[in-house]
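Each chain gets a letter, A, B and so on, in the order its sequence line appears, and its residues count up from 1.
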Protein chains: 2
Amino acid sequence: MNIGEVSKKAALPAKTIRYYEDIGLITPLRDPNGYRCFRDADMHKLAFLGRARTLGFTIEDCRALLALWNDQSRASADVRSIAKEHLAQVEKKISDLQEIRDTLSHLVRECVGDERPDCPILKSLEEFPSREHA
Amino acid sequence: MNIGEVSKKAALPAKTIRYYEDIGLITPLRDPNGYRCFRDADMHKLAFLGRARTLGFTIEDCRALLALWNDQSRASADVRSIAKEHLAQVEKKISDLQEIRDTLSHLVRECVGDERPDCPILKSLEEFPSREHA
DNA sequence: ATGGTGCTTCCAGCAACTGGAAGGTCAAGG
DNA sequence: CCTTGACCTTCCAGTTGCTGGAAGCACCAT
């Protein structure tokens, strides 16, 4: 399989696949003409990577998960701890964003948004030294 | 005021402040010795920037907001539309992350996490070609 | 004079790609 | 046989928003 076909099947841009090879996540063979030659195992890895990435695992997480995936004697606890750690980060990010959303939507609701220069949003950005306590 | 003092007051790293000058968000004066010399107006801008950045506005958003802030004849609608756009992006991100969180927490719950190699998380990453429809 | 801290500039690097240029390869059509 | 066009290759640069570090002045206290 050439990169184009793999790209379609794995739903990953060819550029991304080349990048994954660059950083050592996959090592496809080469045809005599220099074209990358992907086997089913490569496809599987790429599908795995695509899935893990859409779940927001970092590339280094993916590297670790791939290693565990390839390790027949791995303990499932190892995988679980990576996933749990990542889950915690996702939850933190959600709550940070929720706070931001609340502030923003409050500001947007307060702002009439007409032709007058008076703007509560700017006023708030100006007057609210949020990090004073830092 | 030198950069160190401003850095403390605005709760922004000195590196960040220099970076903001580099990209033209602020233009502090210089003392004869070459040191940056910040006036109150610079401080205000930096505080404004810090606040806007903690709310997740991009640098380019900040540039636009600063320009509006400095524009006495601005329409508050202009500010509002930037904030609304950003709010929409934040909300999108929250819901994306919530989906990820749900999937992840489901996986983590399913996984016993013991010494056995059998791992539902890896299995799911393997078997679930999430982007097939792309 | 010496030490320590603070300031300067510039260069490199992070994550995870993405875009584009310059060029080789292959299959089809004339 | 030649051309066209799609596909492949490599390499370099850019993205966002900083951050780290090196090399070298500036300033103040002793």
Side-chain angles (χ1 to χ4, degrees), chain A residues 1-38 42 45-46 48-66 85-86 89-90 93 96-97 100 131 134, chain B residues 1-38 42 45-46 48-66 85-86 89-90 93 96-97 100 131 134:
Chain A
M1 260 193 296
N2 283 348
I3 201 168
E5 196 182 344
V6 178
S7 167
K8 260 174 231 148
K9 286 196 189 166
L12 289 171
K15 281 263 179 193
T16 301
I17 296 172
R18 291 194 196 99
Y19 172 67
Y20 287 170
E21 182 184 5
D22 272 2
I23 63 174
L25 289 180
I26 53 167
T27 44
L29 298 176
R30 295 293 177 133
D31 282 335
N33 60 10
Y35 286 19
R36 286 171 186 80
C37 166
F38 296 86
D42 299 315
K45 273 194 190 178
L46 286 170
F48 182 101
L49 286 169
R51 173 80 178 142
R53 291 288 300 128
T54 64
L55 286 177
F57 285 100
T58 65
I59 289 287
E60 289 317 307
D61 279 346
C62 289
R63 199 189 296 281
L65 289 171
L66 262 186
E85 171 68 22
H86 179 44
Q89 285 171 20
V90 168
K93 200 150 201 176
D96 288 352
L97 283 173
I100 288 172
R131 313 206 211 167
Chain B
M1 261 191 295
N2 283 347
I3 201 167
E5 196 183 343
V6 177
S7 167
K8 259 174 231 149
K9 285 195 188 165
L12 290 171
K15 282 262 180 195
T16 300
I17 296 173
R18 289 193 197 100
Y19 172 68
Y20 288 168
E21 182 183 5
D22 272 0
I23 63 175
L25 289 180
I26 52 167
T27 44
L29 297 176
R30 296 293 178 131
D31 283 334
N33 60 11
Y35 286 19
R36 286 170 186 80
C37 167
F38 296 86
D42 299 314
K45 274 194 190 178
L46 286 170
F48 182 102
L49 287 169
R51 172 78 179 146
R53 293 286 301 128
T54 63
L55 286 176
F57 285 99
T58 65
I59 289 288
E60 289 317 307
D61 279 346
C62 289
R63 199 188 295 282
L65 290 171
L66 262 186
E85 172 67 22
H86 178 44
Q89 285 172 18
V90 168
K93 199 151 201 177
D96 288 352
L97 283 173
I100 288 171
R131 311 206 211 168

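Between B:Thr58 and the phosphate of D:dT16, there is no side-chain N or O to OP1/OP2 separation shorter than 4.0 Å. Distances shown here put every side-chain N or O of B:Arg63 at or beyond 4.0 Å from the OP1 or OP2 atom of D:dT16.
Across all strands, A:Tyr20 comes closer than 4.0 Å only to sugar-phosphate atoms, never to a base (heavy-atom distances). Within the nucleic acid shown, A:Arg18 comes within 4.0 Å of at least one base atom, counting heavy atoms only.
The interatomic distance linking A:Lys15 (NZ) with D:dC8 (C1') rounds to 12 Å, in whole Å. When the P atom of D:dG14 is taken as reference, atom OH of A:Tyr19 falls 18 Å away, rounded to whole Å. Taking atom CD1 of B:Ile3 as the reference point, atom C1' of D:dC25 lies 16 Å away to the nearest angstrom. The nearest whole Å value for the distance from the CG atom in A:Asp31 to the P atom in D:dC8 is 11 Å. What separates CD of B:Glu60 from C1' of D:dT15 is a distance of 12 Å, to the nearest Å. Atom CD1 of A:Ile17 is separated from atom P of D:dC8 by 10 Å (rounded to the nearest Å). Atom-to-atom, CD1 of B:Ile59 to P of D:dT16 comes out at 10 Å; the value is rounded to the nearest Å.
Taking all atoms of both residues into account, the shortest heavy-atom contact from B:Asn2 to B:Arg36 is OD1-O, 3.5 Å. Looking at every heavy atom in both residues, A:Pro28 comes nearest to A:Cys37 through CB-O, 3.9 Å. A:Ala14 and A:Ile3 get closest at one heavy-atom pair: O-CD1, 3.7 Å. Residue B:Leu46 comes nearest to B:Ala10 through the heavy atom pair CB-CB, 4.1 Å, listed as atom of the first residue, atom of the second, then distance.
Under the 3.5 Å distance criterion, the side-chain polar atoms of B:Asn33 are matched with a main-chain donor or acceptor of B:Tyr35. In terms of modelled atom types and a separation under 3.5 Å, the side chain of B:His86 and the main chain of B:Leu55 share a donor-acceptor contact.
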Please test A:Ile59 against A:Arg53 for side chain to side chain contact (heavy atoms under 4.5 Å, CB included), starting from the C-alpha separation and ending with a verdict. CA-CA 8 Å; A:Ile59 289 287; A:Arg53 291 288 300 128; 3.9 Å; yes
Go through the steps for B:Arg63 and B:Ile23 under the test side chain to side chain contact (heavy atoms under 4.5 Å, CB included), then give the verdict. CA-CA 10 Å; B:Arg63 199 188 295 282; B:Ile23 63 175; 4.0 Å; yes
Give the C-alpha distance, both sets of side-chain angles, the deciding distance and a yes or no for side chain to side chain contact (heavy atoms under 4.5 Å, CB included) between B:Asp22 and B:Arg18. CA-CA 6 Å; B:Asp22 272 0; B:Arg18 289 193 197 100; 5.7 Å; no
Provide a list of protein-nucleic acid N or O atom pairs under 3.5 angstrom, restricted to nucleotides 3-5 of chain D.
none

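Once you apply a 4.0 Å limit to the heavy atoms of chain A, the touched nucleotides of DNA chain C run 5' to 3' over C:dA16 to C:dC26.
Closest contact between the side chain of B:Tyr35 and the listed nucleotides D:dT9, D:dC18, D:dC27 involves D:dC27.
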